[in-house]
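Numbered from 1 within each chain, the chains take letters A, B, ... in sequence-line order.
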Protein chains: 2
Amino acid sequence: MSKGQASQKAIAEHLGLAVGTVSRAMNGYPDIAKSTRDRVMAAARELGYRPNNAARRLSTGVSEVAAYIMPEQTSSLSEPFIAELLKGLGETLRKRGWDLMVTHTTSAQDELEQIDRLWNTGAVGAIVISRPLKKDPRIPLMQKLGCPFVVHGRSASEAPFAWYDVDGQDAFMSSVNHLVGLGHRRIAFVGSPLQYEFAQSRLDGYKQGLKINGLSYDPELVQIADISDAGGERATHQLLTLEAPPTAILAVTDTVALGVLTAIRAAGLRPGPDISVIGYDGLQFGVHTNPPLTSMEQPRAHAGRRIAEMVFNLIDGADPKDVTELQRAHLVSRATDAPAKHPNKPEINSVREKQNDTD
Amino acid sequence: MSKGQASQKAIAEHLGLAVGTVSRAMNGYPDIAKSTRDRVMAAARELGYRPNNAARRLSTGVSEVAAYIMPEQTSSLSEPFIAELLKGLGETLRKRGWDLMVTHTTSAQDELEQIDRLWNTGAVGAIVISRPLKKDPRIPLMQKLGCPFVVHGRSASEAPFAWYDVDGQDAFMSSVNHLVGLGHRRIAFVGSPLQYEFAQSRLDGYKQGLKINGLSYDPELVQIADISDAGGERATHQLLTLEAPPTAILAVTDTVALGVLTAIRAAGLRPGPDISVIGYDGLQFGVHTNPPLTSMEQPRAHAGRRIAEMVFNLIDGADPKDVTELQRAHLVSRATDAPAKHPNKPEINSVREKQNDTD
DNA sequence: GCGTTTTCCGAAAGCGGTTTCGGAATTTGT
DNA sequence: ACAAATTCCGAAACCGCTTTCGGAAAACGC
């Protein structure tokens, strides 16, 4: 439309050169004399040259834009997380001249459609997705398309792919260890739907933690909830009405943990002193909850940067199977992890009594 | 690179037509027989045709991508806000085939540079910015560039521009009214640096609220802080060491209010019963703070949608001065607004006594 | 001092669309 | 049945940049 910008042609005319020469000068071809390269660069600066993105893309065939597919149903509470991720992604991409595009989808089907569109219209040159399912159709699709992609999380797949993940299994195992160390024996797990890989692996870690501590697995103590505060609240309400309620609860995410805290307080109990709670993510607002939430913190700022770097690795021709990174989460202890009140007397736990006391 | 996609040329050859004919058929030119248009459409579907974005952009000159410039220093706590905004923006843009690009900047200077780049390289066809300064250099820049843009917030400008905003002045005025109605007379304001337009207008609303309630303006009761929980905490600490501390505190954002709560609790006081606190934004995590935070809620989900629609209005040729919308915020009362303890006895307020009591 | 390399640049063909222009084929007018 | 008006499509230029190819000019060799 407007864009009164200097093109290579303008530079060429200004200098009495051919456009092809200008192009090669700017791209560092060896068959251009240093003197003319300098002239070209000077003129470019002087005339305010801006390479036309579309033109370059059209002739090279690659788009210097990466797409981030937003996880479908993101509660407003879990979003601080992806905002940080976006920042790391965007800033790191920019260092090599790439831009970041975000795409929201309306359904799993729509998501596949978007991926196909983004790649096949040439809108983007790479894609990053989050929260893969245990068996995620997006992965074989992108492999079929030949689109460079990195997954934030792991997944089952026949062919190897690039991924960045935090070891949730390990994290939940050590959470259990931590709680057992505090004298807890009845430890519950509030998880999310198991089609998500992260949900499964965190549950696995929980089970594994029980096992290595010689605790038996009690299905009653495992609740599956929506990834939301409301989901955590409902699940915890269930747990608290058990005949033998847990003395500690592991939440699959901090967002869910918020609901856990709410439900515990609603039952007239104190998160921490009465029932320990450990979340996962280490979100900043955990310091402001009532009481401040103990959580497994993952290195979030790092994630965006690394994922962007992995995108470049792929672009530079790295084999996807060599482009993987597994980080660890670390316990940040705030106020909701505490010694079990009666480590050896599992009978002191009628919630209703407790409630009446407090009323 | 790969992209085994069908081009218009492929369709043309498949049908024995010229590419120009195919193009005009797809774009609804009137000089194409309906019969051949149908054949073209059928072939397009059959061959899996995908228009090449770059090619179209190159020849039409317009890019169907809108950029959202991320506010420079976004605390991780304020980010739920923009994530919701992005969602509304992205989904609404997509309805007309547009995509959303996000750009993080490292400085004010860099931000101007990015805007210039995004527009002049043809990467985007419109830009939306947030949190304008009272006098914001980005606005005249975009006006000079001729780039369609909408501002999330208002600003002083010679030429009119498109904006969407929530009336912060009105909101803080009614917050003051609300508190006065609860018997408060010493009401403090924890604001943010006044180069931001929103900071100024909220302060103005605060002052206006004082005036219409016949309260005098006491500069001691106004603190300027970083837009963060830490900033709010420091500012509140100052307020509490005053000889005559406030009985109520207005925070410029919910993020800041978190720090206000922390500082109040740290002083051994109870937010709500002892000192009322009202935030601004109505963020969801306000229900999980200690205690739950009363706040002025703005219609956030609506914002992204409307801003995207305004972008299209501009693209469709609307005069920027006609593309504006002012929304109102509404009080959502949770647990931090309460009647003043001693409405008519401003002498009961030595914080140190209170602290000692609690110690 | 004349052939042979090197060095350096111009010319041109795309990339995949859009849009203008002109003309063949068909329809209309009388 | 012949000129005029429509209808419909092909041809070609262009958007800005990349890249291959070939050749002129300069440097080299002996």
Side-chain angles (χ1 to χ4, degrees), chain A residues 1-41 43-44 47-65 97 117 119-123 125, chain B residues 1-41 43-44 47-65 97 117 119-123 125:
Chain A
M1 296 267 87
S2 28
K3 324 222 177 181
Q5 248 7 65
S7 59
Q8 286 188 354
K9 183 164 132 197
I11 296 179
E13 286 172 355
H14 181 73
L15 257 38
L17 293 173
V19 289
T21 305
V22 172
S23 173
R24 275 170 301 160
M26 308 195 98
N27 292 327
Y29 275 60
D31 65 341
I32 300 291
K34 181 173 185 316
S35 58
T36 75
R37 184 193 318 289
D38 290 342
R39 288 172 60 212
V40 167
M41 291 319 218
L47 301 181
Y49 168 75
R50 291 286 193 183
N52 181 305
N53 233 307
R56 150 183 277 131
R57 177 185 309 176
L58 182 56
S59 70
T60 63
V62 306
S63 170
E64 297 188 329
V65 177
R117 177 185 69 84
W119 177 250
N120 278 325
T121 63
Chain B
M1 297 269 82
S2 29
K3 326 226 174 177
Q5 252 0 74
S7 61
Q8 286 188 354
K9 183 163 134 198
I11 297 179
E13 287 171 355
H14 182 72
L15 258 39
L17 292 173
V19 289
T21 305
V22 172
S23 174
R24 276 169 299 161
M26 308 194 97
N27 292 327
Y29 275 60
D31 64 342
I32 300 292
K34 180 172 186 319
S35 58
T36 76
R37 184 192 318 288
D38 291 343
R39 288 172 58 213
V40 168
M41 292 317 222
L47 301 182
Y49 169 74
R50 291 283 194 184
N52 181 306
N53 234 306
R56 152 183 277 131
R57 178 185 309 178
L58 182 57
S59 69
T60 62
V62 305
S63 171
E64 297 188 328
V65 176
R117 177 185 70 84
W119 177 250
N120 277 325
T121 63

Testing the basics here: between A:Ala43 and A:His14, what is the closest heavy-atom pair and its distance to 0.1 Å? CB-CD2, 4.1 Å

Assign A:Arg37 to base, sugar-phosphate, or nothing according to its heavy-atom contacts below 4.0 angstrom with the strands shown. nothing

Counting only side-chain heavy atoms from C-beta out, which of D:dG16, C:dT18, D:dT18 sits nearest to A:Gln8? D:dT18

Is it the case that the side chain of A:Ser63 and the backbone of A:Ala123 share a donor-acceptor pair, with hydrogens and angles ignored and the cut-off at 3.5 Å? yes

Supply the atom-to-atom distance B:Thr36 OG1 to B:Met41 CE, rounded to the nearest 0.5 angstrom. 10.5 Å

CD1 of A:Ile11 versus P of C:dG10: gap in Å, rounded? 14 Å

Can any side-chain N or O of A:Asn27 pair as donor or acceptor with the backbone N or O of A:Tyr29 at less than 3.5 Å? no

Phosphate contact (C:dT18 OP1 or OP2) by B:Arg56 side-chain N/O below 4.0 Å: yes

Would you check if the side chain of B:Arg56 reaches a backbone N or O of B:Pro51 as a donor-acceptor pair within less than 3.5 Å? no

Report yes if a side-chain nitrogen or oxygen of B:Thr21 is closer than 4.0 Å to either non-bridging phosphate oxygen (OP1 or OP2) of D:dG10; otherwise report no. yes

Whole-Å distance separating the OH atom of A:Tyr49 from the C1' atom of D:dT18: 11 Å

Value in whole Å for how far the C1' atom of C:dC8 lies from CZ of A:Arg39: 12 Å

Residues from residues 23-34 of chain B lying under 4.0 Å of DNA chain C - heavy atoms: B:Ser23, B:Arg24, B:Asn27, B:Tyr29

Nearest-angstrom distance from the residue atom CG of B:Asn52 to P of C:dC15: 11 Å

Once you round it to whole Å, what is the distance between P of D:dG10 and CD of B:Glu13? 13 Å

Non-hydrogen atoms of A:Ile32 and A:Arg37 that approach each other most closely: O-NH2, 3.3 Å

N/O (side chain, B:Ser59) to phosphate O (OP1/OP2, C:dT19) under 4.0 Å: no

What's the NZ-P distance between B:Lys9 and D:dA12, to the nearest Å? 15 Å

Euclidean distance, atom CG of residue A:Leu17 to atom C1' of C:dA11 [Å, nearest integer]: 14 Å

For the side chain of B:Arg57 and the backbone of B:Gly122, is there at least one donor-acceptor N/O pair under 3.5 Å apart? yes

Over how many whole Å does the gap from A:Asn53 atom CG to D:dT18 atom P extend? 11 Å

